[in-house]
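Below, read A as the first sequence line, B as the second, and so on, with proteins coming before strands; counting in each chain starts at 1.
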Amino acid sequence: MDEKLPLRSENFSEWYNQVIMRAELADYAPVRGCMVVRPYGWALWENIQATLDARFKATGHENAAFPLFIPMSFLEKEKDHVEGFSPELAVVTIGGGEKLEEPLVVRPTSETIIGHMYAKWIKSYRDLPILINQWANVVRWEMRTRLFLRTLEFYWQEGHTAHATEQEAIEETRRMLDVYTDFAVNEAAIPVIPGRKSESEKFAGAAESYTIEAMMGDTRALQSGTSHNLGQNFAKAFDIQYLDENNQQQFCWTTSWGLSTRFVGAIIMAHGDDQGLVLPPRLAPIQAVIVPIFKNEDERALVLPVVDKVKSELTGIRVKVDDRTEVTPGFKFNDWELRGVPIRIEIGPKDVEKGSVALARRDTPGREGKSFIPQAGLKAAVETMLTAIHMAMLEKARAFRDAHIFEPTDYEEFKQVVQNGWAFSYWCGRSECEAQIKENTKATTRCIPLDQNTAPGKCIHCGEPAREKVYSARAY
RNA sequence: CGGGGUGUAGCGCAGUUGGUAGCGCACCGCGUUUGGGACGCGGGGGUCGGCGGUUCAAGUCCGCCCACCCCGACCA
């Protein structure tokens, strides 16, 4: 393998693949389109899970587990849902050597089977709301796959709730969109734009879909989390009814919302640089790595006890000591930079003598990011630096994003800007305009930001009156 | 499913008119090294993607198949 990564600016997709392989986040599985998530990648996902799970619990949700297999007939009960998903279903037709009476679908998402169970569990308004989440794997038979971004099987969480009123369901949908936004900004340092999906980009079977859209390092957009108001579509398809206070049968209002291992791809592409990964400190599996430095046995005997002492003082911080003897310190510096560890702590004979350590920030390459600080009070210094790195990463990503969002005033300019950025412009709301824009430019409607106070204008494509402005971009 | 590309050691590749399968990295052993990707010496590792054909002889020529990667239409 070459020592250097391909340059991010020259070949973004090759850079992306190699970062994943070299940083040992994931590997290709023997089945096309499937991946193995390796321990380092899974540790990152576990940190994402932990912080999201805490947010779900804090907003009143409980975890449960529903089956992997769904009767084919369930999928067929909601018209838009089956239309949307049938091309990408994996179907089991044989079990235990016998042809099955009814084929079983490997879940592409669980609205149907959970809807079925909710119909069974919900009797009266006293049973509502039901607020359940599950952490699961799902399968969608995609044509073209990319590690983390689109694989046949992926890991995610899917929240499914049922409510007595439309208003409650709308509030839930928006609440979880806010949770995702808060997570993206405050944990992953990714400044996402929340908004509503257009009709054509909506989830199959939803009344309204909402999304958080993030800008990647090549300016393409990535849908990083979604929240759907399902209206009464699934309630009617699965007969999810409750008896209200007046002894009347009513259909429930349901929602669903999900965030997947795709988000790992978002972290890689939003923050990475030519040296490799740059992990946001609050999610990084290793927050600080200690590299001991010594030339001989005498120095080794001097340095290692200080390394142990420093490590034991950094309580509450995810620290790793790189005690490999078969590679040089210089190799380790590059290795941990590739793996995106936010802070490197070097401890050598000079530090032992002076009672100091060398700190290097991953987000600031070269000498500029290196500082020498006393061992006393190191924990506070590391904590401060982790926060500073988070803020700097968020700011850098925000500045990059804002520098690549344009507000074109005519279609020619629109076509220009979406080649290397996002367009924020008026849209009449008609799917035909959207489709033609996509055909001409490959840009799709990413989201319609909420709560617009925009004065009416004219559609960027057809010139007809338009009430709203939308983000358009080429997307993953 | 269309277009392009690649299959030879774990990874990256070379292999001439068909004639005993090689290089770099990685791996193992020993020694010297170690504050920005160390070096020397010695070693282990292959049904050349699969099946069939041509031939005295196939990694190499011919046919079929398979897999993976990249680019398009669908998608979190």
Look for any protein N or O under 3.5 Å of an N or O in nucleotides 32-35 of chain B and output each such pair with its distance, or none.
from	atom 1	to	atom 2	distance (Å)
B/U34	O2'	A/Phe294	O	3.3
B/G35	O6	A/Gly348	O	3.4
B/G35	O6	A/Pro349	N	3.1
B/G35	O6	A/Lys350	N	2.8
B/G35	O6	A/Asp351	OD2	3.4
B/G35	N1	A/Asp351	OD2	2.5
B/G35	N2	A/Glu346	OE1	3.1
B/G35	N2	A/Asp351	OD2	3.3

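- Applying the side-chain contact (heavy atoms from CB on, under 4.5 Å) test to A/Asn137 and every residue at least two apart in sequence or in another chain returns A/Leu68, A/Arg107, A/Glu153, A/Tyr155.
- In this view, A/Arg344 and A/Glu337, A/Glu346 satisfy the side-chain hydrogen bond (donor to acceptor under 3.5 Å, both in side chains) rule, not counting sequence neighbours.
- With sequence neighbours left out, A/Ala376 forms a side-chain contact (heavy atoms from CB on, under 4.5 Å) with no residue at all.
- Atom name C1', nucleotides B/U47 and B/C56: the rounded distance is 23 Å, in whole Å.
- A/Phe414 pairs by the ring-ring contact (aromatic ring centres under 6.0 Å, His included) definition with A/Tyr411, not counting sequence neighbours.
- Between the CG atom of A/Asp27 and the P atom of B/G10 there is a distance of 14 Å, given to the nearest Å.
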At a cut-off of 3.5 Å, list every protein nitrogen or oxygen paired with a nitrogen or oxygen from nucleotides 65-74 of chain B, distance to 0.1 Å.
from	atom 1	to	atom 2	distance (Å)
B/C68	OP1	A/Arg32	N	2.7
B/C70	OP1	A/Asn17	ND2	3.4
B/C71	OP2	A/Arg144	NH1	3.2
B/C71	OP2	A/Arg144	NH2	2.5
B/C74	OP2	A/Lys438	NZ	3.2

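- Applying the salt bridge (Lys or Arg N to Asp or Glu O under 4.0 Å) test to A/Lys57 and every residue at least two apart in sequence or in another chain returns A/Asp53.
- Within 4.0 Å (heavy atoms only), A/Arg300 reaches no atom of the nucleic acid at all.
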Close N/O contacts between protein and nucleotides 5-8 of chain B (under 3.5 Å):
none

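- Comparing the same atom, P, in B/G44 and in B/G3 gives a spacing of 47 Å after rounding to whole Å.
- A/Glu83 is linked by a side-chain hydrogen bond (donor to acceptor under 3.5 Å, both in side chains) to nothing, counting only residues two or more places apart in sequence or in another chain.
- For A/Ser260, there are no side-chain hydrogen bond (donor to acceptor under 3.5 Å, both in side chains) partners at least two apart in sequence or on another chain.
- Here the separation of B/G5 from B/G59, taken at their P atoms, is 25 Å to the nearest Å.
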Would you list the atom pairs, donor with acceptor, under 3.5 Å between side chains in residues 291-299 of chain A and any protein atom, with sequence neighbours excluded?
from	atom 1	to	atom 2	distance (Å)
A/Asn296	OD1	A/Asp298	N	3.2
A/Asn296	OD1	A/Glu299	N	2.8
A/Glu299	OE1	A/Lys295	N	2.7

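- Screening residues 180-223 of chain A for ring pair (Phe, Tyr, Trp, His ring centres under 6.0 Å), with sequence neighbours left out, gives A/His81-A/Phe203, A/Phe85-A/Phe203, A/Phe183-A/Phe263, A/Phe203-A/His228.
- A/Thr255 and A/Thr161 share a donor-acceptor pair across their side chains, judged by distance under 3.5 Å alone.
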